[in-house]
Amino acid sequence: MSFKANDSQQLSLDDSSIMLTARERNALEKSWAKIFADEIFPAIDEERFSVLYSDKASRPNTPVNVIIGALIIKELFDYSDDEIVENLMLDLHLQYALHTTSFAEQPISDKTLSRFRKRCYNYETLHGVDLYHDCVKDLSSKIAEIMKLNGRIRRMDSIMIESNIRVLSRMELIYTCISKLVVYLAKGYPDKVPEQLRHYADPNDYNRVFYHQRNDDMDEIIRTLLTDSECLLKLCETDFEEVTEYQLFVRCISEQTVVENEKRRLRTREDGTMNSSALQNPSDPDATYRNKSGKQYRGYTANIEETVGRNGSVVTDYQFDKNTHTDSHFLQEYLSAMERSEEESVLVTDGAYDGQDNIALAEEKNVKLVTTALVGKEAPDALADFEFNEDGTRLLKCAAGHEPVSQSYTKTTRQCRVSFDRNHCVDCPYQNQCRPKIYKKVATFITSKNASNRAKSQRYMQSEEFRDLARLRNGVETIPANIRKNYHLNKLPRGKQRGKFFFGSKIAALNFRKLFGFRKGLGNYAQNPILAYA
């Protein structure tokens, strides 16, 4: 299939919108379809996706801008793939929004969207480039431009996303991995499956093993599972290393069991706790485990950057990863990918994004990082007036303006052990905060640039500007609730790559709603003094 840009966007004599009455046309042009057709559809860059298609002459592709527009509308109205295909054939709103009113036959079929997604997945796997994310980000920037949001003030937050998988016990997990591998072997290599393993291929075997047994039989079930695991390992050996079912089985056995005295047993605490990246369910191998704020999560996390201004807000970037990915890592990746801006911008986050490395990286990009809460021990206020060199390896001056007589730096802890003239510290007004150890000739204490930055942040948190920014940041917390309620995060498909693609469509749909509200004057954005600069 070769790539061809969509040039069939002009009205024809057969256009279905020509025969509308004045009243019907007025209703159509007041609807969401008019704004989508005029401002979203033309902004979709088809050429970005030309790499997904052959450069040889062949049957042309379905118009990419129609596909992407349909993916956004699909999330906008919570349609399934089949529903968006059917509604495009029958609903003039959708045809008008996607510029297909002149088409004799609507271009999207039942397989169009799934095949397009598969092309994007394969390209990202091979080249490490997420074309769809770049497209959504580009559309978001254009919406922000339409709404006159200059990007001077942005805010960031993360959201935990549960994978649509069943929570399995360790026994259930091992059983499920064995069963999936046996089913695969029974279908393709029935002669290789020994009699003792054939029951795993029976759909009713799971209930017999786990629900029709007494509790005191559990130890026997575990011994049987481990014995059968050893049998499977010897049976498959190196012949099935490329088979997904075998890979998941080996991963499960290696994470959940150990071999001791030539006998396999379940892993215990004494063997070392299993890390959070361990397999949770073979139905979603990418899902990871995380305990956050006393709640257990199995799945993924998304990071959202929102640009804010007097006309509203737009989600201008997003990240999606396993839930073991921390907020701090998200911020570092975000800042590393952006170019340094000429004008300083402000990024408002919560305390999870704080840290010396993050502050330094933000400064490199001309970004003022404001964290509205700090995690950990409070730093003495006097440390805010300490002066360090750029990389924090040397203290230049203390709060009283004195220079150390000697000092050393510990790389692992990023701390400086400094010594001052004894007389400088004995009568110093900041002695109770620095708390030095006083000797005959010198006074010593341990400090760091990170502690100094923390003290500066604490001092800044007392300012009126900070209070305005803190109130502004609270608005980003409505985004996760909005996406959960209106865009059904619980319906994300399994797998990191697929989940990220669908999450991007939800972000695009959310931003279109914001644009629609802006164009219709529906915004009720709470004014904040800090927005005078935005």
Side-chain angles (χ1 to χ4, degrees), residues 25-44 65 68-79 84 87 91-99 135-157 159 302-318 348 468-469 471-489 502-534:
R25 176 164 291 280
N26 184 52
L28 182 62
E29 294 189 351
K30 285 184 177 179
S31 72
W32 65 270
K34 172 68 173 175
I35 296 174
F36 196 100
D38 289 352
E39 306 199 59
I40 299 298
F41 189 83
I44 298 172
N65 48 11
I68 293 175
L71 288 169
I72 298 172
I73 294 172
K74 172 180 173 294
E75 297 297 335
L76 196 62
F77 296 105
D78 194 28
Y79 290 150
I84 188 68
N87 286 327
D91 191 337
L92 187 60
H93 286 93
L94 269 66
Q95 295 175 16
Y96 189 80
L98 299 178
H99 292 222
C135 175
V136 172
K137 184 179 177 182
D138 189 42
L139 284 175
S140 301
S141 297
K142 289 174 181 176
I143 291 175
E145 186 178 339
I146 292 171
M147 294 174 62
K148 296 180 173 58
L149 306 176
N150 60 19
R152 171 90 200 308
I153 298 177
R154 287 165 287 172
R155 54 195 183 190
M156 186 174 283
D157 199 14
I159 174 174
N303 195 56
I304 297 168
E305 179 229 62
E306 189 179 27
T307 296
V308 191
R310 283 177 288 185
N311 293 329
S313 62
V314 170
V315 177
T316 42
D317 200 1
Y318 65 93
V348 194
D468 290 335
L469 286 170
R471 289 198 299 270
L472 186 70
R473 198 212 73 85
N474 293 338
V476 75
E477 295 182 354
T478 64
I479 298 295
N482 189 352
I483 298 177
R484 287 190 193 281
K485 179 181 178 181
N486 299 317
Y487 299 96
H488 308 292
L489 274 182
F502 277 73
F503 185 79
S505 294
K506 296 178 189 296
I507 292 296
L510 172 67
N511 283 338
F512 173 70
R513 282 190 184 272
K514 291 176 177 286
L515 175 63
F516 181 75
F518 170 73
R519 284 301 190 205
K520 293 298 181 180
L522 302 176
N524 187 25
Y525 199 81
Q527 289 300 307
N528 187 307
I530 204 70
L531 293 179
Y533 300 98

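Position 1 is the first residue of the sequence, and the numbers go up from there.
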Determine whether [X] and [Y] make a side-chain contact, defined as any pair of heavy atoms from C-beta on separated by less than 4.5 Å.
{"X": "Trp32", "Y": "Arg513", "value": "no"}
{"X": "Lys514", "Y": "Ile143", "value": "no"}
{"X": "Val308", "Y": "Val348", "value": "no"}
{"X": "Leu510", "Y": "Asn486", "value": "no"}

Can you tell me how the ring of Phe36 sits relative to the ring of Phe512, calling it parallel under 30°, perpendicular over 60° and tilted otherwise? perpendicular
Nearest heavy atoms of [X] and [Y], plus distance in Å:
{"X": "Tyr79", "Y": "Ile84", "value": "CD1-CD1, 3.7 Å"}
{"X": "Gly475", "Y": "Arg155", "value": "CA-NH1, 3.5 Å"}
{"X": "Asn303", "Y": "Met156", "value": "ND2-SD, 3.3 Å"}
{"X": "Ala144", "Y": "Thr316", "value": "CB-CG2, 4.1 Å"}
{"X": "Pro42", "Y": "Ala37", "value": "CD-O, 3.2 Å"}
{"X": "Ser313", "Y": "Glu306", "value": "OG-OE2, 2.6 Å"}

Check against side chain to side chain contact (heavy atoms under 4.5 Å, CB included), Ile483 and Ile507: CA-CA 8 Å; Ile483 298 177; Ile507 292 296; 3.9 Å; yes
Within the side chain of [X], is there an N or O that forms a donor-acceptor pair under 3.5 Å with the backbone of [Y]?
{"X": "Lys148", "Y": "Asn311", "value": "no"}
{"X": "Asn511", "Y": "Val314", "value": "no"}
{"X": "Thr307", "Y": "Gly151", "value": "no"}
{"X": "Arg154", "Y": "Glu305", "value": "no"}
{"X": "Lys506", "Y": "Tyr487", "value": "yes"}

Residue Glu145 excluded, over 12 heavy atoms near CD under 6.0 Å: no
The test is side chain to side chain contact (heavy atoms under 4.5 Å, CB included); show your working for Ile159 and Arg484 and say whether it passes. CA-CA 10 Å; Ile159 174 174; Arg484 287 190 193 281; 3.5 Å; yes
Spacing of [X] atom [atom1] and [Y] atom [atom2] [to the nearest 0.5 Å]:
{"X": "Leu98", "Y": "Ile73", "atom1": "CG", "atom2": "CD1", "answer": "4.0 Å"}
{"X": "Glu75", "Y": "Asp78", "atom1": "CD", "atom2": "CG", "answer": "7.5 Å"}
{"X": "Ile40", "Y": "Lys142", "atom1": "CD1", "atom2": "NZ", "answer": "9.5 Å"}
{"X": "Phe502", "Y": "His488", "atom1": "CZ", "atom2": "NE2", "answer": "14.0 Å"}
{"X": "Ile68", "Y": "Lys74", "atom1": "CD1", "atom2": "NZ", "answer": "14.0 Å"}

According to side-chain contact (heavy atoms from CB on, under 4.5 Å), who are the partners of Ala508, at least two apart in sequence or on a separate chain? Ile72, Val136
List the steps and the verdict of side chain to side chain contact (heavy atoms under 4.5 Å, CB included) for Ile35 and Leu515. CA-CA 8 Å; Ile35 296 174; Leu515 175 63; 4.1 Å; yes
Test Arg519 against Lys34 for side chain to side chain contact (heavy atoms under 4.5 Å, CB included), laying out the working first. CA-CA 11 Å; Arg519 284 301 190 205; Lys34 172 68 173 175; over 6 Å; no
